[in-house]
Amino acid sequence: MATNSGWRLLWLCLTLGLLPGLSHQASIAESDYYTAGVVEFRQSVLSTSPWSENLAGYLEIIQSANASETDIIVFPELTINSMGPQTFVPDPTEQIAPCLNDPSALYYAEFLVSLSCAARNVSKYLVINVSEKKLCTDTPEDPRPCAYDGLNIHNTNVVFDRQGVVISRYRKVHLYGENRNTTYEPELETFETDFGVTFGTFTCFDILFYTPAHQLILEQGITDFIYTTMWFSQLPFLTAVQTQQAWAYANNVNLLAAGASFPLVGSSGSGIYHGREGALSSVMVQGTGERSIHVAQVPKYTVRRPIRQRRQRRALGTSREAISSSNFTMKRDYLENYQSELLPIAENQSGNLTKDICYEKFCCHFDIEWRPLEGGSGRSASYRLGAYDGWRNEQNVDANYIRNCGLFACTGPTLEECGGLPSSEKLEEQGLRVAFTRLEIGVTYPESREFLLMPNTVLDDLLPLEPSRFEWSQEQQSVDSYQYDVRFGLRDSVEVSNLLTFAIYGNYYDDKCTFGVGSEEQQVACGYKNGSSRLVLFGAGLLMPLLLLLRG
Ligand SMILES: *[C@@H]1O[C@H](CO)[C@@H](O)[C@H](O)[C@H]1NC(C)=O
Ligand SMILES: *[C@@H]1O[C@H](CO)[C@@H](O)[C@H](O)[C@H]1NC(C)=O
Ligand SMILES: *[C@@H]1O[C@H](CO)[C@@H](O)[C@H](O)[C@H]1NC(C)=O
Ligand SMILES: *[C@@H]1O[C@H](CO)[C@@H](O)[C@H](O)[C@H]1NC(C)=O
Ligand SMILES: *[C@@H]1O[C@H](CO)[C@@H](O)[C@H](O)[C@H]1NC(C)=O
Ligand SMILES: *[C@@H]1O[C@H](CO)[C@@H](O)[C@H](O)[C@H]1NC(C)=O
Ligand SMILES: *[C@@H]1O[C@H](CO)[C@@H](O)[C@H](O)[C@H]1NC(C)=O
Ligand SMILES: *[C@@H]1O[C@H](CO)[C@@H](O)[C@H](O)[C@H]1NC(C)=O
């Protein structure tokens, strides 16, 4: 390692004459924030040379006035060379800037060289996601058979620093049915910046798993994440921005999320999130997608202050517009697995309901009050209350274990009509003509080795509720208890309409070592003692509050 940093120093010295002038806007290590840009990017599909057309789009954004203040720009998953050409990616320890080391692009692909040059030119950190080729012989310890051409193909996040040097290379762990190779061992990748922030990176589907992102938080105290995605939104719980904001909130970290923009196949959703304060900027587009950069000043956790008032609101949140199924292709969760009940909303009438919905032993307590909204044709909105304790219904890819409680919108009274967007006709004639004046979910959650409980909401414009409108608490029942009381509700005097989902998403990942699950021997082996004192010390439930405390 010492040799590497030595080389870096030498390399910097040798190339000093070629260094571009450092931008005067660059955030420095002492500043209490940095400026980030996330790019929502519509990929070229029809062009004869998609990669060069995508590259031109990247360069235009990098050089745009909107990007001028940024320290770091994040581009989404596979929006540059998914249709080729693949590229080699230098090992970060070698501190290679393709722009300088391979200016004619003889070894690295041309787009990689161009982007390395662009990073130097504007003196910014750039994060891109590429289709990488790698020699199998680079990993001699991997016993798996290599492909005939001697190459592994990875989906890889590449980070350039302000000098165009590749300082990080992260290969995705949880593939979503892609025709790609996994790494022999999961690689936990982080990188440091000159503005004093260390980032972890992860991709897309990874957000539903413990490794790598949640693990980086608990084991390395990482507070800032780069997330590149081509997400396929699913109702009621997993639309893109809904998932991003919930994750950043639950972990209380900064998340820079850049999404591929292709709403007609279900992809969109980018944002910059500051933990418990929610989105500093977020966007969910419809129709044919767009190419745009969303910029925000991101407070650093090291200099954390109570609540910053000076934050920017959502980039495009001013003119909210309900999204219909003709403008966004939405997947639907397999809600038939849920225990659910129709909320008894009578036409033109206020109402209330206090009710437990249980999925076997797992019970969700709902406390709800609503009133009708003026202006509809009088047809009532439909909502269901649901509970589920089990594996997420996923074929062919990794599934995660969930314990969910939620209220979700339906276009009619049957369960089949829940978890979708209304058609544009239905949207016009019906809308969601009800406002919730009170909405609270209370649940007792068991501790587990690894778990993450998230406030999960989305409105009909596919953006979530801002944290200023809800209250969330997760409290251990007593110091020696393995159970947590979670309350998620609207703040007093907050009224919410246009709601699609209001839920607690309890992600238990692989459900290993969950309190109360399995035989008594298993419970003891997991460190749960049936008595007064706690033995378990590695549980996420214990570590997390501790880390949050430390970060103050
Ligand atoms: C460098 O950036 C400027 C704008 O910041 C742009 O006009 C110029 O074309 C860029 N040069 C290269 C070689 O990318
Ligand atoms: C990588 O993927 C190819 C094609 O699916 C496969 O033939 C090869 O065995 C994989 N390599 C490794 C190391 O798993
Ligand atoms: C890069 O994009 C691909 C393509 O969708 C994605 O599967 C992969 O996870 C991304 N890589 C990383 C490291 O996030
Ligand atoms: C949404 O769909 C409607 C009906 O098909 C159409 O009139 C409208 O222009 C679309 N909006 C966007 C943003 O694509
Ligand atoms: C640049 O910012 C302006 C104002 O926020 C916005 O209207 C425009 O769409 C942005 N352009 C891009 C390419 O993001
Ligand atoms: C709840 O609804 C019942 C009728 O179902 C009504 O009598 C009662 O006043 C309502 N309570 C509140 C607090 O609105
Ligand atoms: C509800 O209100 C609408 C509009 O005011 C009216 O047309 C409709 O008949 C009412 N429905 C009932 C059941 O009162
Ligand atoms: C724990 O102990 C109580 C009585 O002290 C007993 O009722 C219960 O079944 C025990 N549970 C487990 C998981 O051992």
Side-chain angles (χ1 to χ4, degrees), residues 34-43 61 67 70-79 125-129 155 157 159 170 172 174 176 189 197 199-209 212-214 216-217 222-234 237-263 266-285 289-299 311-312 314-317 452 454 456-458 462-464 466-467 505:
Y34 61 93
T35 305
V38 295
V39 177
E40 166 93 14
F41 195 84
R42 185 190 57 245
Q43 183 176 3
I61 287 173
T70 56
D71 295 297
I72 182 166
I73 303 178
V74 184
F75 287 90
E77 194 172 3
L78 277 201
T79 47
Y125 288 85
L126 296 185
V127 185
I128 61 170
N129 171 285
N155 285 326
N157 281 348
V159 184
Y170 165 70
K172 185 177 185 181
H174 295 279
Y176 194 86
E189 183 67 36
V197 172
F199 287 93
T201 70
F202 63 113
T203 319
C204 208
F205 196 39
D206 285 342
I207 203 168
L208 296 183
F209 299 91
H214 194 176
L216 283 169
I217 298 171
I222 299 293
T223 53
D224 292 73
F225 287 88
I226 304 280
Y227 177 62
T228 64
T229 165
M230 182 183 281
W231 187 261
F232 294 92
S233 280
Q234 184 190 70
F237 308 110
L238 294 175
T239 64
V241 171
Q242 170 184 24
T243 307
Q244 294 163 12
Q245 180 169 310
W247 190 86
Y249 183 98
N251 286 308
N252 200 12
V253 294
N254 287 327
L255 178 67
L256 316 183
S261 200
F262 205 168
S267 288
S268 173
S270 304
I272 300 178
Y273 309 88
H274 181 52
R276 297 274 148 151
E277 289 178 52
L280 303 174
S281 174
S282 64
V283 62
M284 195 78 176
V285 308
E290 66 182 36
R291 293 179 172 182
S292 56
I293 181 165
H294 304 272
V295 176
Q297 292 182 347
V298 187
R311 68 198 180 94
Q312 287 122 320
R314 262 174 195 153
L316 302 176
L452 184 65
M454 296 178 270
N456 178 291
T457 65
V458 71
L462 298 183
L463 293 174
E466 290 150 34
Y505 195 94

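At least one donor-acceptor pair under 3.5 Å links the side chain of Ser261 to the backbone N or O of Glu290. For Arg276 (side chain) and Tyr249 (main-chain N/O), a donor-acceptor pair under 3.5 Å exists by modelled atom type. Within the 3.5 Å criterion, the main-chain N or O of Asn155 finds no donor-acceptor partner in the side chain of Asn129. Between the side chain of Thr35 and the main chain of Asp71, no donor-acceptor pair closer than 3.5 Å is present. No donor-acceptor distance shorter than 3.5 angstrom exists from the side chain of Thr239 to the backbone of Gln234, with no hydrogens or angles considered. In this structure, Ser233 contributes its side chain and Ala240 its backbone to a donor-acceptor pair below 3.5 Å.
To the nearest 0.5 Å, atom CG of residue Asp224 and atom CG of residue Leu256 are 7.0 Å apart. For the atom pair Leu208 CG and Leu238 CG, the distance stands at 6.0 Å (nearest 0.5 Å). Rounding to the nearest 0.5 angstrom, the gap separating the CD atom in Gln244 from the CD1 atom in Ile207 is 6.0 Å. With rounding to the nearest 0.5 Å, the separation of CD1 in Ile73 from NE2 in His294 is 12.5 Å. The OG1 atom of Thr228 sits 12.0 Å away from atom CZ of Phe75, with the distance rounded to the nearest 0.5 Å. In this structure, OG1 in Thr243 is found 6.5 Å from CG in Asn456, a value given to the nearest 0.5 Å.
Counting heavy atoms from C-beta on, the side chains of Leu280 and Pro299 come closer than 4.5 Å. The closest side-chain heavy-atom distance from Thr229 to Pro76 is not below 4.5 Å. Tyr273 has its side chain within reach of Val241: a pair of non-hydrogen atoms, C-beta onward, lies under 4.5 Å apart. Phe41 has its side chain within reach of Ile61: a pair of non-hydrogen atoms, C-beta onward, lies under 4.5 Å apart. For the pair Ser267 and Trp231, the minimum side-chain heavy-atom distance is 4.5 Å or more. When side chains are defined from C-beta on, Ile226 does not count as touching Tyr170, because their heavy atoms never get closer than 4.5 Å.
Heavy atoms only, all atoms of each residue included: Ile272 and Ala36 are closest at CD1-O, 3.4 Å. Closest heavy-atom contact between Thr457 and Pro464: O-CB, 3.2 Å. When all heavy atoms of Arg291 and Arg42 are compared, the closest pair comes out as NE-O, 2.7 Å. Taking each heavy atom of Ser270 and Val38 in turn, the nearest pair found is CB-CG2, 4.2 Å.
Among Ser292, Ser282, Ser268, the single residue meeting the side-chain hydrogen bond (donor to acceptor under 3.5 Å, both in side chains) criterion with Glu40 is Ser268.
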Original post:
Step by step, would you call Phe199 with Val127 a side-chain contact (heavy atoms from CB on, under 4.5 Å)?
Top reply: CA-CA 11 Å; Phe199 287 93; Val127 185; over 6 Å; no
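Under the 30°/60° scheme for interplanar angles, the aromatic rings of Phe202 and Trp247 are found to be tilted.
In this structure, Tyr34 has its ring center no closer than 6.0 Å to that of Tyr125.
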